Colleague: 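Handing you this structure, nothing more for now.
Quick caveat: nothing in here was measured; it's all calculated off a predicted structure. Reckoned from all heavy atoms, side chains included, excluding hydrogens, waters and symmetry mates.
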Amino acid sequence: MNKFKYYFILSITTLSLFSCSKDDAAAEITPPRDYAVQYATDLTDIEEYLKNYYIEDVSPDVDTKISKIPTGGTQPSIFSYLNSATFPKLLSKEVSLHDITYKLYYLVLREGTGVSPSNADAVLAAYKGDYLSRQTVSEVTTFSATQFEVVKNPQQFFSLLGTITGWGETFPEFKTGTYSSNADGTISYKDYGAGVMFIPSGLGYYNAGSASIPAYAPLVFSFKLYEINRLDSDGDGILNFQEDINGDDYMRILATGVVNPDDTDGDGIPNFLDVDDDGDGKSTKLEITDANGALIPFEAIPSCDGNTTDPTRIKRHLVKCN
Ligand SMILES: [Ca+2]
Ligand SMILES: [Ca+2]
Ligand SMILES: [Ca+2]
Ligand SMILES: [Ca+2]
């Protein structure tokens, strides 16, 4: 049964943001650095960046441009917005991974007015990415931010489960806005969530890097969250976000022995990946019944919108509808 379940974990559709490094041979012979050691370095770099760079125009509707504060300059650093009562607002959250606790900073320019994705949904977002690095030439070390990608008019949804962890941990803190179609066929977005995330390499590409990003590089992404796409990873007709039992917008695979709030039967596989949520040997897809115990055909499982039937019949699996 478990093997059957794991099949679904492996079959999750994933999209990588960027292609993997072609230098696979080198990656194989060099053991990865210790996560805690690398994280300390990354945090130093990220905080140096936050304290020495500023945003030229903090309006969430413009393309965010981040520059170094010139010598003697009086521009407010990004760090000056830490826990600000008004926007922009620099916040941080803790992410437990690799047996350490990462501090993930993110700047909120605007939260958005629509819906927030869970970390198991897909997003359509405009973004610009920079990596941070230090180069030493003739004993002089220079700290720099280098742009590696910019996407102003996104055409593709990215599954947050298939991208870097930093994306999956940040986008659920934001919401979409509204959009309207223009006469020329383009779409205009308004009131969307907009911000900047500052990602330690352990929540990015780490030792793998990518074609355009060096290994162990902290990443800075400015972004605008335009739309989300709800996914159903285990194909049971219940969308991932509806299998988020404790309703915190996050669903994770945790280490053996760690209690997972999103795992009804406690078998280590969270409901959104578990084809048999309650572990009774019968797949969820085949046991959703109505008030009289009659099976509801998979195709007829109600959606959240426009559902006229009693949603409590699948309450065991479905905890919220917006
Ligand atoms: Ca599902
Ligand atoms: Ca959860
Ligand atoms: Ca389970
Ligand atoms: Ca079952």
Side-chain angles (χ1 to χ4, degrees), residues 39-95 101-117 119 123 125-134 143-152 160 164-177 189-204 217-226 248-250:
Y39 169 58
T41 300
D42 288 355
L43 187 62
T44 300
D45 287 354
I46 287 170
E47 292 187 340
E48 176 162 340
Y49 181 80
L50 293 173
K51 290 171 182 170
N52 290 285
Y53 284 71
Y54 73 103
I55 297 177
E56 295 194 7
D57 180 347
V58 295
S59 164
D61 291 314
V62 303
D63 293 333
T64 305
K65 189 177 178 201
I66 302 177
S67 301
K68 191 170 186 181
I69 299 172
T71 305
T74 56
Q75 293 88 344
S77 71
I78 301 171
F79 204 73
S80 71
Y81 303 120
L82 185 65
N83 298 320
S84 168
T86 56
F87 298 106
K89 196 180 286 190
L90 180 66
L91 301 173
S92 68
K93 62 179 284 190
E94 293 185 340
V95 178
T101 302
Y102 289 97
K103 187 180 211 178
L104 175 61
Y105 283 104
Y106 59 97
L107 181 77
V108 185
L109 294 169
R110 182 170 59 206
E111 289 174 313
T113 58
V115 292
S116 60
N119 71 319
V123 298
Y127 63 91
K128 180 166 75 74
D130 289 52
Y131 66 81
L132 307 183
S133 62
R134 291 178 194 273
F143 180 81
S144 58
T146 307
Q147 183 177 310
F148 58 83
E149 174 137 20
V150 55
V151 176
K152 290 189 179 183
L160 293 177
I164 54 175
T165 308
W167 272 44
E169 292 292 335
T170 307
F171 276 111
E173 308 298 328
F174 290 78
K175 295 174 180 170
T176 58
Y189 295 95
K190 274 183 64 182
D191 301 327
Y192 45 79
V196 188
M197 50 181 132
F198 308 90
I199 304 174
S201 64
L203 303 179
L219 305 174
V220 177
F221 283 100
S222 308
F223 61 88
K224 298 171 181 174
L225 177 56
Y226 287 155
D248 66 351
D249 279 344
Y250 292 90

Colleague: Minimum heavy-atom separation for Ala126 to Tyr226, with atom names?
Modeller: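 Answer, listing the atom of Ala126 first, then Tyr226: CB-CE1, 3.8 Å.
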Colleague: Is it true that a side-chain atom of Ser201 and a backbone atom of Gly204 form a donor plus acceptor pair closer than 3.5 Å?
Modeller: no
Colleague: Shortest non-hydrogen contact from Leu160 to Gly168?
Modeller: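 Shortest heavy-atom contact: CB-CA, 4.0 Å.
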Colleague: Quick check, are the ring centers of Phe223 and Trp167 under 6.0 angstrom apart?
Modeller: no
Colleague: Does the side chain of Glu111 come within less than 4.5 Å of Ser116's, by heavy atoms?
Modeller: no
Colleague: Got a second to check how far Asn83's CG is from Lys89's NZ, nearest 0.5 Å?
Modeller: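 Rounded to the nearest 0.5 Å, the CG-NZ separation comes to 9.0 Å.
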Colleague: Flag the pair Leu90 / Leu82 as yes when at least one side-chain heavy-atom distance between them is below 4.5 Å, and no otherwise.
Modeller: yes
Colleague: Regarding Lys128 and Asp63, does a basic nitrogen lie under 4.0 Å from an acidic carboxylate oxygen?
Modeller: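 Here Lys128 does not pair with Asp63 in a salt bridge, since their nearest N and O are not under 4.0 Å apart.
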Colleague: Do the side chains of Tyr105 and Ile78 get nearer than 4.5 Å, heavy atoms only?
Modeller: no
Colleague: Do the side chain of Lys93 and the main chain of Glu169 share a donor and acceptor less than 3.5 angstrom apart?
Modeller: yes
Colleague: I need the Leu109 CG to Ile55 CD1 distance, nearest 0.5 Å.
Modeller: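 So the gap between those two atoms works out to 5.5 Å.
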Colleague: Would you check if there is a donor-acceptor pair between the side chains of Glu94 and Thr101 at a distance under 3.5 Å?
Modeller: no
Colleague: Starting from the C-alpha separation in whole Å, work towards a yes-or-no answer on side chain to side chain contact (heavy atoms under 4.5 Å, CB included) for Ile164 and Phe221.
Modeller: CA-CA 12 Å; Ile164 54 175; Phe221 283 100; 3.7 Å; yes
Colleague: Any heavy-atom pair between the side chains of Pro200 and Val95 that's under 4.5 Å?
Modeller: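 They are not in side-chain contact.
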Colleague: Ser77 and Lys51: which non-hydrogen atoms are nearest, and at how many Å?
Modeller: CB-O, 3.5 Å
Colleague: Taking side chain as C-beta onward, heavy atoms only, is Ser144 less than 4.5 Å from Ser133?
Modeller: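 Yes, side chains in contact.
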Colleague: Locate the shortest heavy-atom distance separating Pro76 from Tyr81; write the atom from each residue and the value.
Modeller: CG-OH, 3.6 Å
Colleague: Which heavy atom of Gly177 sits nearest to which heavy atom of Thr113, and what is that distance?
Modeller: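 Minimum heavy-atom contact is CA-OG1, 3.7 Å.
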Colleague: Is there a donor-acceptor pair closer than 3.5 Å between any side-chain N or O of Thr44 and the backbone N or O of Ala40?
Modeller: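 Between the backbone of Ala40 and the side chain of Thr44 there is a qualifying donor-acceptor contact (under 3.5 Å).
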Colleague: Working to the nearest 0.5 Å, report the span between CG of Asp130 and CZ of Phe198.
Modeller: 10.0 Å
Colleague: Could you tell me the separation between the CG atom of Asp42 and the CD1 atom of Ile199, rounded to the nearest 0.5 Å?
Modeller: 11.0 Å
Colleague: On a heavy-atom basis, which atom in Pro60 and which in Lys224 lie closest, and how many Å separate them?
Modeller: O-CE, 3.8 Å
Colleague: Name all pairs fulfilling the salt bridge (charged side-chain N to carboxylate O under 4.0 Å, His left out) condition that reach into residues 66-76, sequence neighbours left out, sorted by first residue then second.
Modeller: none
Colleague: Answer whether the closest heavy-atom distance between the side chains of Thr176 and Tyr192 falls below 4.5 Å.
Modeller: no
Colleague: Output the distance between atom OH (Tyr49) and atom CD1 (Ile66), rounded to the nearest 0.5 Å.
Modeller: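 Tyr49 atom OH to Ile66 atom CD1 measures 3.5 Å (nearest 0.5 Å).
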Colleague: Under 4.5 Å between any side-chain heavy atoms of Glu173 and Met197, yes or no?
Modeller: no
Colleague: Atom CG of Leu107 and atom OG of Ser222: how far apart are they, to the nearest 0.5 Å?
Modeller: 9.0 Å
Colleague: Are side-chain heavy atoms of Asp61 and Arg110 found at a separation under 4.5 Å?
Modeller: yes
